[in-house]
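Okay, structure first, notes after.
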Amino acid sequence: MFSYKNLNLDVKNNILYITVNRPDKLNALNFQTLDEFREAMSEAYENDEVKGIIITGAGEKAFVAGADISEFTQINEINSRKFSENGQDTFSLIEKCPKPVIAAVNGFALGGGCELALACHMRVASDNAKLGLPEVTLGILPGYGGTQRLTLLVGKGKAFEIIMTGDMITAEHALQIGLVNYMVPQAELMAKCESILNKIIQRAPVAIAQTVECVNAVYNETKDGYEVEANSFAICTKTDDFKEGTKAFLEKRKPEFKGK
Ligand code: COA
């Protein structure tokens, strides 16, 4: 059994809560925490009880205030590319997760923390949240997928401004530019995320997993998204859930999906 030091994992009502738990360091992502994220995502993929995932930070101040800057002294010419690729690979496990993943952004989401939120399928921010990619203030740039995911989400102009200035933006601003889906008072953050997931959990699981494939294909130049979509559509039509969904509609009742 894997033992977590910096992440808390809890499954309740089919939702896996992954909480980064280093509040005294504003939940900064050190190497160990990234490793733990890989393990947590394998739990998310493999545990059948888990139907949706919420990622958040411990405490009321920070979601994740970035990669752990105290470990930056260990980065050198030899391992720097690996440093970036390791973060990219870890976050890509979140993006590709066949179950819906929401970032509950409960405070500072900076650098690697903002990139972590960007890798989630959706983002809900509390009204005190501040988001940003301040890497250029440290002489680097976002290396955990942030340059790509932010640009795809908010467009080039806004992405250039956020990355080049390194400034933090408010939750309200993030909402305006589509960086977060919703902004709510902090006390309502979890309830909002749960209400989104509880709705998705009632939908056909294979259709949800295939939606992840299709939407991610938009961002993958090596794939023809329309071909992926047609393929995913065909996969869905082979499921019992497709028959059940159609039958339930015609019988004017709620469908009972089995994920098969
Ligand atoms: N890496 C390592 N430690 C971090 C951290 C990070 N990314 N962000 C915060 N911390 C630590 C601080 O060093 C401090 O530790 P200490 O008490 O042992 O000195 C603790 O978390 C609390 O942070 P502090 O800076 O005192 O809080 P604040 O309210 O004054 O400021 C921030 C909050 C978020 C503005 C500030 O912590 C900050 O700028 N953090 C770095 C953000 C960043 O550049 N992230 C991108 C990294 S690529």
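Whatever order the structure lists ligands and atoms in, that order sets their numbers, starting from 1.
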* Asked: Does Ser70 reach ligand 1 with a nitrogen or oxygen that is under 3.5 Å from one of the ligand's nitrogen or oxygen atoms?
  -> no
* Asked: Any nitrogen or oxygen of Ile69, main chain or side chain, under 3.5 Å from a nitrogen or oxygen of ligand 1?
  -> yes
* Under 3.5 Å side-chain donor-acceptor pair for Asn47 and Glu43 -> yes
* Derivation and outcome, side chain to side chain contact (heavy atoms under 4.5 Å, CB included), residues Asp68 and Thr33 -> CA-CA 10 Å; Asp68 191 321; Thr33 311; over 6 Å; no
* Asked: Are Glu172 and Gln176 close enough that a side-chain donor and a side-chain acceptor fall under 3.5 Å?
  -> no
* Taking atom 2 (C) of ligand 1 as the point of reference, which of Val136, Asp68, Thr137, Leu133 owns the nearest heavy atom? -> Asp68
* To do: May I ask you to check if ligand 1 and Pro134 share an N or O to N or O distance below 3.5 Å?
  => no
* Do any nitrogen or oxygen atoms of Lys25 come within less than 3.5 Å of a nitrogen or oxygen of ligand 1? -> yes
* Should the pair Arg253-Glu244 be classified as a salt bridge under the 4.0 Å nitrogen-to-oxygen rule? -> yes
* Would you mind telling me if ligand 1 is within reach of the side chain of Met168, the backbone, both or neither, using heavy atoms under 4.0 Å? => side chain
* Asked: Under a 4.0 Å heavy-atom limit, does Ala65 contact ligand 1 with its side chain, its backbone, both, or neither?
  -> both
* Report the part of Tyr144 (side chain from C-beta onward, or backbone N, CA, C, O) that has a heavy atom under 4.0 Å from ligand 1; answer both or neither where that applies. => neither
